[in-house]
Amino acid sequence: NYTLTASVGNMADNCLVTSSKAVTVNPPVTLSATDTTQTVCKGEPIKVIHVSYTAANVSVSGLPAGVGFNDDPIDPNINGTPTEAGTFHYTITATSNKTPQCGVKTVTGTITVTETGDVIPISSDSLCEESTATLVVSSTPGSTYAWKKNGVDLEATTRTLIVSEA
């Protein structure tokens, strides 16, 4: 804070009129965020995006369903678990909370949420050894799969994988 003083008059006659005014100098808006670009699977939590700002009111737009902004006074952040797939370009906006307004800052980011495949179970609980079973997987082209037995990769098996557009 400063005090400004203006004087008008004739210095020789010592006839001066003086006026003073207290003036507050507002700080500029600042805004930053971590991990602004991420790719996650639908149903998996994003890595927490920590947001830092000063002298501002903050809003966030463009997030996927299931992800939101938590304006915590100690650790403001964006977090959650996306419930829809797609590419989401979001914007964090910090608007000055002072009068007069001392600026607006924005940070943009992208959260890409990929669809996960659904395995349709084998129609029977038991199979004969050395028999053949068909596993049907519903997913998108470019997905990868690992065939496992009790959580262990099956290396000595014959694997056939066909991924096509639905």
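All heavy atoms count here, side chains included; hydrogens, waters and symmetry mates do not. For reference, positions follow the sequence shown, starting with 1.
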- Keeping to residues at least two apart or across chains, list the salt bridge (charged side-chain N to carboxylate O under 4.0 Å, His left out) pairs with something in residues 24-41. D35-K47

Side chain to side chain donor-acceptor pair (under 3.5 Å) partners of [X], counting only residues at least two apart:
| X | answer |
| --- | --- |
| T112 | none |
| T36 | none |
| T34 | none |

Closest non-hydrogen atom pair between [X] and [Y], with its separation:
| X | Y | value |
| --- | --- | --- |
| V40 | P82 | CG2-CG, 3.9 Å |
| T30 | A94 | O-CB, 4.4 Å |
| A85 | E115 | CB-OE1, 3.5 Å |
| A33 | I49 | CB-CG2, 4.1 Å |
| V58 | F69 | CG1-CZ, 3.7 Å |

For [X], give me all partners under side chain to side chain contact (heavy atoms under 4.5 Å, CB included), at least two apart in sequence or on another chain.
| X | answer |
| --- | --- |
| T91 | S61, T93, T106, T108 |
| F88 | P64, E84, V113 |
| T37 | none |

Who clusters with [X]? Use side-chain heavy atoms, under 4.5 angstrom, across I, L, V, M, F, W and Y, and order the result by chain and number.
| X | answer |
| --- | --- |
| V48 | none |
| V29 | none |
| V23 | L4 |

- Are I111 and I46 side-chain neighbours, meaning at least one heavy-atom pair lies under 4.5 Å? yes

- Please examine the side chains of L31 and V51, heavy atoms only from C-beta on, and report whether any two atoms are closer than 4.5 Å. yes

Show the atom names and distances, to 0.1 Å, of all donor-acceptor pairs under 3.5 Å that link a side chain in residues 71-78 to residues at least two apart or in another chain.
| from | atom 1 | to | atom 2 | distance (Å) |
| --- | --- | --- | --- | --- |
| D71 | OD1 | Y53 | OH | 2.6 |
| D71 | OD2 | Y53 | OH | 3.4 |
| D72 | OD1 | I74 | N | 2.7 |
| D72 | OD1 | D75 | N | 2.7 |
| D75 | OD1 | H50 | ND1 | 2.9 |
| D75 | OD2 | H50 | ND1 | 3.2 |
| N77 | OD1 | N79 | ND2 | 2.4 |
| N77 | ND2 | D75 | O | 2.8 |

- Task: Test H89 against T87 for side chain to side chain contact (heavy atoms under 4.5 Å, CB included), laying out the working first.
- Result: CA-CA 7 Å; H89 303 286; T87 301; 3.7 Å; yes

Donor-acceptor pairs are to be reported for all side-chain atoms of residues 95-102 against protein atoms at under 3.5 Å, with residues two or more places apart or in another chain.
| from | atom 1 | to | atom 2 | distance (Å) |
| --- | --- | --- | --- | --- |
| S96 | OG | K98 | N | 3.2 |
| S96 | OG | C102 | N | 3.0 |
| Q101 | NE2 | S96 | O | 3.0 |

- Rounded to the nearest 0.5 Å, the OG1 atom of T81 sits from the NZ atom of K42 at a distance of 12.5 Å

